Protein chains: 2
Amino acid sequence: MHRDGSFASIIMMQKNRPRVTLMDGGGIMARERKFSTEELFQYTKQLLLEHGYEGFTFSLLAERLEISRGAIYKYFENKEELITDFMLFEMKYFLAELKEIAELNDFDRQFEFLFELIFRNREIHQLIEIGRQIPSSLNEKVRNNTQNLEKMHLEMYSYMQNFVTLGKGENKLKPHIPDVVVLGIIFQTIAIPNHFGIPQDLWVQSIKEIISHGMFTNK
Amino acid sequence: MHRDGSFASIIMMQKNRPRVTLMDGGGIMARERKFSTEELFQYTKQLLLEHGYEGFTFSLLAERLEISRGAIYKYFENKEELITDFMLFEMKYFLAELKEIAELNDFDRQFEFLFELIFRNREIHQLIEIGRQIPSSLNEKVRNNTQNLEKMHLEMYSYMQNFVTLGKGENKLKPHIPDVVVLGIIFQTIAIPNHFGIPQDLWVQSIKEIISHGMFTNK
DNA sequence: GCCAAAAGTGACACGAGTGTCACTTTTAGT
DNA sequence: ACTAAAAGTGACACTCGTGTCACTTTTGGC
């Protein structure tokens with residue numbers, strides 16, 4: 001645990017800086033963490049999806065992590081800060097993967113790639129909607145976080161915009177349909193809850209086909 | 001107000017029955033209501049969509065209605081009861097409209113009808129998802145309400161099932177796509193938030209076209 | 001063994017939502 | 001005018017989440 005110099009811990013350390021240089025060189029190590037940041041964010045995600053923004057509490061999170069509530073305050077001043085940090089964490093990973101779409105140079109491959117990526121990160125869309133519920137904060141850190149989120153959100157759209165532009169350039173996508181509708185559909189359909197437990201394969205293929213060629217037969 | 005013998009007030013009166021027969025014949029009328037049930041449900045809808053299930057409170061609702069919180073308890077024992085009553089109210093209206101689909105006897109007309117109906121009731125889908133968050137209650141009335149909701153939900157699906165069966169029978173819908181995927185897509189795509197403010201007409205037509213024939217060109 | 005530093009704990013004061021209830025207000029019928 | 005009934009109010013006791021803080025625990029380095 002003490003050697004995770006990952007993205008997440010960098011975010012976390014912004015407030016409670018250790019008074020020794022940082023936990024790499026040969027500083028005093030102090031006691032071991034009872035929970036990793038990855039663990040914390042994982043439960044945060046679960047709880048956000050289960051209870052929504054307003055239903056998320058530090059008490060619930062502490063319970064899942066089997067620590068005291070007070071411990072969380074060592075790393076995050078409040079709910080807004082924790083959740084925006086978490087959103088940045090998720091978004092960063094998503095964007096890092098999305099970036100690779102630029103390597104593929106024809107539309108068909110990009111479509112396959114994008115579809116698979118969004119499908120593998122189904123919750124992202126729901127989380128983004130939850131993110132819209134965060135009230136504008138007075139807290140410096142939180143304002144900074146939401147600004148960065150905004151930026152990453154735009155960056156995300158710009159990659160997807162390129163995808164659509166390519167599709168229209170190759171005459172693969174219908175030119176009269178607005179770009180944001182194309183993107184909206186891809187995002188939204190993937191989030192359809194499979195309440196009836198259709199097998200994954202069939203489910204994915206069906207959705208992909210409808211998006212591509214519709215649910216109507218071509219007579 | 002005192003002469004609304006509507007659906008809503010019938011639900012409401014289950015608990016606090018007036019001691020005179022009921023408010024039709026010539027009973028004593030007592031003082032006038034400061035808010036109608038329709039008004040109450042309208043704000044309930046707003047608040048549920050804004051804050052989600054856990055964010056919804058009697059305090060917020062009372063504030064919007066410009067009454068005291070206590071007044072609401074005259075009609076509903078608690079949040080669960082109010083929200084399930086509200087859900088029944090919404091569902092009832094939706095189902096009443098949906099029923100009429102059976103009058104149309106070809107698939108194309110049913111498709112137009114269904115699409116228009118769901119589009120006009122865009123929030124229904126979101127509300128149904130919020131409804132899933134209601135914890136199973138000990139309260140008699142609430143258990144009864146959720147059971148009825150379940151029934152209406154199934155009834156809703158059965159009407160739509162008929163629609164899909166008809167479509168497949170007429171060879172209009174692709175036979176290999178599972179029925180629930182067809183329904184899921186129709187429901188979900190209509191709920192796409194139009195964040196970029198595309199004109200309504202263009203928005204609806206684009207979505208309808210993608211659902212029907214896909215976003216790909218037929219080359 | 002002692003120290004410094006970070007991790008973690010539990011108690012406290014506070015604010016907000018809940019559910020209840022005795023009370024007041026308004027109303028129509030007599 | 002008087003009354004019964006329903007509508008509405010506001011105070012009370014309670015629970016739960018919040019944020020803080022002095023305190024204890026664990027750790028590696030000296």
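Lettering of chains follows the sequences in order, A, B, ..., and the numbering in each one begins at 1. Atom set for the values below is all heavy atoms of this structure, side chains included, hydrogens, waters and symmetry mates excluded. What you see is a predicted model, and the numbers here were worked out from it, not measured in a lab.
Applying the 3.5 Å distance criterion, the base of dG19(C) shares a donor-acceptor pair with the side chain of Arg69(B). With hydrogens and angles left out, the side chain of Lys34(A) and the base of dG8(C) share no donor-acceptor pair within 3.5 Å.
The separation between Glu63(A) atom CD and dT9(C) atom P is 14 Å, rounded to whole Å. Ile72(A) places its CD1 atom 12 Å from the C1' atom of dT18(D), with the value rounded to the nearest Å. Rounded to whole angstrom, the span from the CD atom of Glu32(B) across to the C1' atom of dG8(D) amounts to 13 Å. Whole-Å rounding puts the Phe56(B) CZ to dT18(C) C1' distance at 13 Å. Atom pair Leu61(A):CG and dT18(D):C1' shows a separation of 14 Å (rounding to whole Å applied). Rounded to whole angstrom, the span from the CD1 atom of Ile67(A) across to the C1' atom of dT9(C) amounts to 11 Å. For the pair Glu54(A) CD and dA16(C) P, the computed distance is 14 Å after rounding to whole Å. Rounding to whole angstrom units, CZ of residue Phe35(A) and P of dG8(C) are separated by 5 Å.
Side chain of Arg31(A), nearest nucleotide from dT27(C), dA6(C), dG8(D): dA6(C). Closest contact between the side chain of Ala71(B) and the listed nucleotides dT18(C), dG8(D), dA22(D) involves dG8(D). For Asn78(A), taking side-chain heavy atoms from C-beta onward, the closest of the listed nucleotides dG19(D), dA11(D), dT18(D) is dG19(D).
Base engagement by Ser68(A) is indicated by at least one non-hydrogen atom pair under 4.0 Å involving a base atom.
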- Output, in order, the C-alpha distance, side-chain angles, deciding distance and verdict of side chain to side chain contact (heavy atoms under 4.5 Å, CB included) for Ile128(A) and Met156(A). CA-CA 12 Å; Ile128(A) 288 175; Met156(A) 184 186 86; 4.2 Å; yes
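Arg143(A) places no side-chain N or O within donor-acceptor distance of the main-chain N or O of Ser136(A), the cut-off being under 3.5 Å.
OP1 and OP2 of dC21(C) both lie 4.0 Å or more from every side-chain N or O belonging to Tyr73(B).
None of Arg132(A), Lys79(A), Glu80(A) except one satisfies the side-chain hydrogen bond (donor to acceptor under 3.5 Å, both in side chains) rule with Tyr53(A); the exception is Glu80(A).
For the pair Arg109(A) and Phe111(A), the NZ or CZ position fails the cation-pi test of under 6.0 Å to the six-membered ring centre and within 45 degrees of the ring normal.
Ion pairing between a basic and an acidic side chain is recognised when a charged N comes within 4.0 Å of a carboxylate O; Glu77(B) and Lys141(B) show no such pairing.
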